[in-house]
**Student:** 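Here you go, one structure.
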Amino acid sequence: MSLNTTETCISSAGDHDKTESTEIIVSAYYRVHPDDRETFIEAVRPEMLAAQQLPGCVYYAFSQDLVNPDAFHLSEGWADIEAYERHEHSETFLKALATVVKHVRILRREGIRYDVAKQHIDDPRGKVSS
């Protein structure tokens, strides 16, 4: 299929539903050495795709920062602790972790795991008049 100038191809890769019940949330930040950026991306990309397919994964997204290309943000949501722990012990996670530990200079890392007690849907669009 060829695209002409009026057609748009929109990918749904990485789509997820954050309204699903989520007991475990992980938020992490990594700043890597500029020379190791591509190694980091190549290590985490297959892990991200594999994690998204695991039972109990509500969402799993690694994103490169829009301002600092050496910074990456990780956001994970898991249905329960069992799903989270299955991921932490998965072959793809351990392979990515080993690659990053051995071949990427992490200049800064922060990671927080949250055990969610209650969820609320957040949609602030109603604050803007049409």
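All values below were derived from every heavy atom in this structure, side-chain atoms included, with hydrogens, water molecules and symmetry-related copies excluded. Numbering of residues begins at 1 and proceeds along the displayed sequence. Since we're looking at a predicted model, the values are computed, not measured.
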**Student:** Are Phe62 and Val26 connected in the hydrophobic side-chain network, where two residues link if heavy atoms are under 4.5 Å apart?
**Tutor:** yes
**Student:** Would you compute the distance between atom CD of Glu110 and atom OG of Ser27 and round it to the nearest 0.5 angstrom?
**Tutor:** 9.0 Å
**Student:** Report whether Leu97 and Leu74 are members of the same hydrophobic cluster (ILVMFWY, side-chain heavy atoms less than 4.5 Å apart, transitive linking).
**Tutor:** no
**Student:** Rounded to the nearest 0.5 Å, what's the gap from OH on Tyr29 to CZ on Arg109? Could you check?
**Tutor:** 12.5 Å
**Student:** Minimum heavy-atom separation for Val58 and Trp78, please, with both atom names.
**Tutor:** CG2-C, 4.1 Å
**Student:** Give me the atom names and distance for the closest heavy-atom approach of Ala83 to Pro55.
**Tutor:** CB-O, 3.7 Å
**Student:** For the side chain of His89 and the backbone of Glu85, is there at least one donor-acceptor N/O pair under 3.5 Å apart?
**Tutor:** yes
**Student:** Between Arg86 and Gly56, is there a donor-acceptor pair closer than 3.5 Å when you use the side chain of the first and the backbone of the second?
**Tutor:** no
**Student:** Nearest 0.5 Å please: distance from the CD atom of Glu76 over to the CD atom of Gln52.
**Tutor:** 11.0 Å
**Student:** Can you give me the closest heavy-atom contact between Val104 and Val32, atom names plus distance?
**Tutor:** CG1-CG1, 3.8 Å
**Student:** Not counting sequence neighbours, which residues clear side-chain hydrogen bond (donor to acceptor under 3.5 Å, both in side chains) with Glu47? List them please.
**Tutor:** Tyr60, His87, Thr92
**Student:** Closest heavy-atom contact between Ala43 and Thr99?
**Tutor:** CB-CG2, 3.7 Å
**Student:** Search all heavy atoms of His73 against all heavy atoms of Asp65 and return the closest pair with its distance.
**Tutor:** NE2-OD2, 2.8 Å
**Student:** Which value, rounded to the nearest 0.5 Å, describes the distance between Asp80 atom CG and Glu23 atom CD?
**Tutor:** 5.5 Å
**Student:** Given the rule in the side-chain contact (heavy atoms from CB on, under 4.5 Å) test, do Glu42 and Thr39 qualify, once you have shown the distances and angles that lead to the verdict?
**Tutor:** CA-CA 5 Å; Glu42 293 305 314; Thr39 302; 6.0 Å; no
**Student:** Determine, using the 4.5 Å side-chain heavy-atom cutoff (strictly less than), whether Tyr59 and Phe93 are members of one ILVMFWY cluster.
**Tutor:** no
**Student:** Of all residues at least two apart in sequence or in a different chain, which pass the side-chain hydrogen bond (donor to acceptor under 3.5 Å, both in side chains) check with Arg113?
**Tutor:** Asp115
**Student:** Are Ile106 and Phe72 co-members of a hydrophobic cluster defined by side-chain heavy atoms under 4.5 Å apart?
**Tutor:** yes
**Student:** Parallel, tilted or perpendicular for Tyr30 and Phe40, by the 30°/60° rule?
**Tutor:** tilted
**Student:** By side-chain hydrogen bond (donor to acceptor under 3.5 Å, both in side chains), which residues pair with Asp35, not counting sequence neighbours?
**Tutor:** none
**Student:** In terms of hydrophobic clustering (I, L, V, M, F, W, Y; side-chain heavy atoms under 4.5 Å; direct or indirect links), are Met48 and Tyr84 co-clustered?
**Tutor:** yes
